[in-house]
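Position 1 is the first residue of the sequence, and the numbers go up from there. The structure displayed is predicted, hence computed values, not measured ones.
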Amino acid sequence: FLTNKHSAFANDFYFEQKTKNALKYWGYSEVYTYSLVSEDLIDGPIEGAIKLKNPLSEDMEYLRNSLIPSLLQVVDNNKSREVIRIFELANTYHKKSKNLPDEKLILAGVLKRPNASFFEAKGLLEGIFEDLGIKNYKFKNRSDGAGANVLLLKDEIGYIEVLNNNLIDFEIDFDLILNYATLKK
């Protein structure tokens, strides 16, 4: 018999796989990027990043704190493609004082196509929430650019960012979503 902790862990994997399958069904391709990144791929101030003491190379000296820069690099490496729909469900790492870093499971994606719509990304996230039995979410306009912040109850769990007419990205805290995911209809 599984204890509650083990059954919750098994459910986490179930919901991860369910989300990946839904995204693939909706035309997105799963990508895997490196957890170790260069300074160029750190989101926000470099002081908040976790730097390795003995990095393998300059390209791999920090632990990533966001999936978006790596996904945008994948898009940049595939410039010849007019339409790209990619996602990654992986850990990011966040500095804590005097302890090991916090690992957060993050779901991120990028949509590139002519005249990409914010509503396509919003509908994708709504579909994921619906698939996982999550309610009480809403989208709130971003104050720092085009797009929306994603809220679950009163917690901000991520965002959708419109970079230009052809490029939209999103990133949400999947660990928080797992707390609310349910199979109950």
Side-chain angles (χ1 to χ4, degrees), residues 9 12-13 15-16 19-20 23 28-78 84-112 116 118 121-122 124-125 128-129 132 134 137 139-164 167-181:
F9 190 62
D12 290 354
F13 284 126
F15 289 124
E16 285 178 40
T19 300
K20 288 179 179 183
L23 284 163
Y28 281 71
S29 297
E30 184 175 12
V31 296
Y32 296 96
T33 60
Y34 292 113
S35 294
L36 297 171
V37 296
S38 66
E39 186 174 337
D40 300 347
L41 296 181
I42 293 296
D43 191 31
I46 198 68
E47 295 79 32
I50 301 166
K51 187 174 183 177
L52 299 180
K53 288 184 180 176
N54 293 322
L56 297 171
S57 73
E58 283 184 15
D59 289 344
M60 299 182 152
E61 61 183 337
Y62 292 93
L63 286 169
R64 66 181 170 197
N65 60 355
S66 172
L67 300 177
I68 295 297
S70 297
L71 292 180
L72 292 175
Q73 188 177 49
V74 170
V75 170
D76 194 48
N77 291 340
N78 290 279
I84 296 176
R85 289 182 180 98
I86 56 174
F87 76 93
E88 185 171 13
L89 183 58
N91 286 327
T92 59
Y93 305 89
H94 306 273
K95 198 180 249 187
K96 280 192 331 191
S97 60
K98 298 183 182 181
N99 279 333
L100 293 173
D102 273 340
E103 284 185 53
K104 281 189 178 180
L105 186 61
I106 300 291
L107 173 65
V110 175
L111 165 64
K112 175 193 170 193
F118 161 81
K122 181 180 181 244
L124 181 77
L125 291 182
I128 290 169
F129 294 149
L132 299 178
I134 295 173
Y137 62 87
F139 298 88
K140 182 179 168 189
N141 285 340
R142 292 186 74 166
S143 59
D144 60 343
N149 291 325
V150 182
L151 300 149
L152 184 55
L153 296 174
K154 294 184 182 191
D155 295 327
E156 188 175 312
I157 62 165
Y159 61 87
I160 300 171
E161 182 177 42
V162 179
L163 299 172
N164 60 45
L167 197 60
I168 298 172
D169 63 42
F170 65 86
E171 189 168 62
I172 55 175
D173 186 334
F174 205 75
D175 276 335
L176 282 177
I177 286 175
L178 290 174
N179 293 333
Y180 297 95

(Q) Donor-acceptor pair, distance only, cut-off 3.5 Å: does the side chain of N65 make one with the backbone of D43? (A) yes
Q) Is the shortest distance from a Lys or Arg side-chain nitrogen in K96 or D102 to a carboxylate oxygen in the other one below 4.0 Å? A) yes
Q. CZ/F87 to NZ/K20 distance, rounded to the nearest 0.5 angstrom?
A. 6.5 Å
(Q) If the condition is salt bridge (charged side-chain N to carboxylate O under 4.0 Å, His left out), which residues does K140 pass it with, not counting sequence neighbours? (A) none
(Q) Taking the side chain as everything from C-beta on, heavy atoms only, tell me whether I157 gets closer than 4.5 Å to Y180. (A) no
Tell me which donor-acceptor pairs under 3.5 Å the side chains of residues 33-42 have, and how far apart each pair is, sequence neighbours excluded?
unit_1 : atom_1 : unit_2 : atom_2 : d
T33    : OG1    : R64    : NH1    : 2.9
T33    : OG1    : E88    : OE1    : 2.7
T33    : OG1    : E88    : OE2    : 3.3

Q: Sequence neighbours left out, what passes salt bridge (charged side-chain N to carboxylate O under 4.0 Å, His left out) with K122? Give chain and number order.
A: E126
(Q) Checking D76 now: which residues fulfil salt bridge (charged side-chain N to carboxylate O under 4.0 Å, His left out) with it, not counting sequence neighbours? (A) K79
Q) How many angstroms lie between CG in L105 and CG in L178, if you round to the nearest 0.5 Å? A) 6.5 Å
Q: Compare every heavy atom of I68 with every heavy atom of Y159, then report the nearest pair and how far apart it is.
A: OH-CG1, 3.4 Å
Q. More than 12 heavy atoms of other residues, nucleotides or ligands under 6.0 Å from CG of N77: is that the case?
A. yes
Q) Of the options V75, L167, V110, V31, which is the one that meets I84 in a side chain to side chain contact (heavy atoms under 4.5 Å, CB included)? A) V75
**Q.** Set of side-chain contact (heavy atoms from CB on, under 4.5 Å) partners for V162, sequence neighbours left out
**A.** F118, A146, I168
Q) Are side-chain heavy atoms of D173 and I177 found at a separation under 4.5 Å? A) no
Q: Would you mind reporting whether L125 and I172 have side-chain heavy atoms less than 4.5 Å apart?
A: yes
Q: To the nearest 0.5 Å, tell me how far K112 NZ sits from N164 CG.
A: 9.5 Å
Q) Under the ring-ring contact (aromatic ring centres under 6.0 Å, His included) test, which residues partner Y62, sequence neighbours left out? A) none
Q) Tell me, do L152 and F129 make a side-chain contact under 4.5 Å, heavy atoms counted? A) no
(Q) Are L111 and L124 packed together at the side-chain level, in the sense that at least one heavy-atom pair is separated by less than 4.5 angstrom? (A) no
Q | Heavy-atom side-chain proximity of F174 to L132 below 4.5 angstrom | A | yes
Q | Pairwise side-chain contact, L163 with D169, heavy-atom cut-off 4.5 Å (strictly under) | A | yes
Q: To the nearest 0.5 angstrom, please state how far the NE2 atom of H94 sits from the NZ atom of K104.
A: 5.0 Å
(Q) For a quick test of reading the model, state the closest non-hydrogen atom pair linking I86 to L71 and the distance between them. (A) CD1-O, 3.7 Å
Q | For the student: nearest non-hydrogen atoms of I160 and A121, plus distance | A | CG2-CB, 3.8 Å
Q | Point-to-point distance, once rounded to the nearest 0.5 Å, from NZ of K95 to CG of L100 | A | 13.5 Å
Q) Are N91 and I106 close enough that some pair of their side-chain heavy atoms sits under 4.5 Å apart? A) no
Q.
Closer than 3.5 angstrom, by distance alone: can the side chain of D155 be matched with the main-chain N or O of L151 as a donor-acceptor pair?
A. no
Q) Between atom OG of S143 and atom CG of N149, what is the distance when rounded to the nearest 0.5 Å? A) 7.0 Å
Q. What are the two closest non-hydrogen atoms of L107 and I128, and how far apart are they?
A. CD2-CD1, 3.8 Å
(Q) Donor-acceptor check, side chain of E156 to backbone of V150, threshold 3.5 angstrom: yes or no? (A) no
Q) Do S29 and R85 pass the side-chain contact (heavy atoms from CB on, under 4.5 Å) test, and can you show the C-alpha distance, the side-chain angles, and the key distance before you say yes or no? A) CA-CA 6 Å; S29 297; R85 289 182 180 98; over 6 Å; no
Q. When the ring planes of F170 and Y28 are compared, do they come out parallel, tilted or perpendicular, using 30° and 60° as the limits?
A. perpendicular
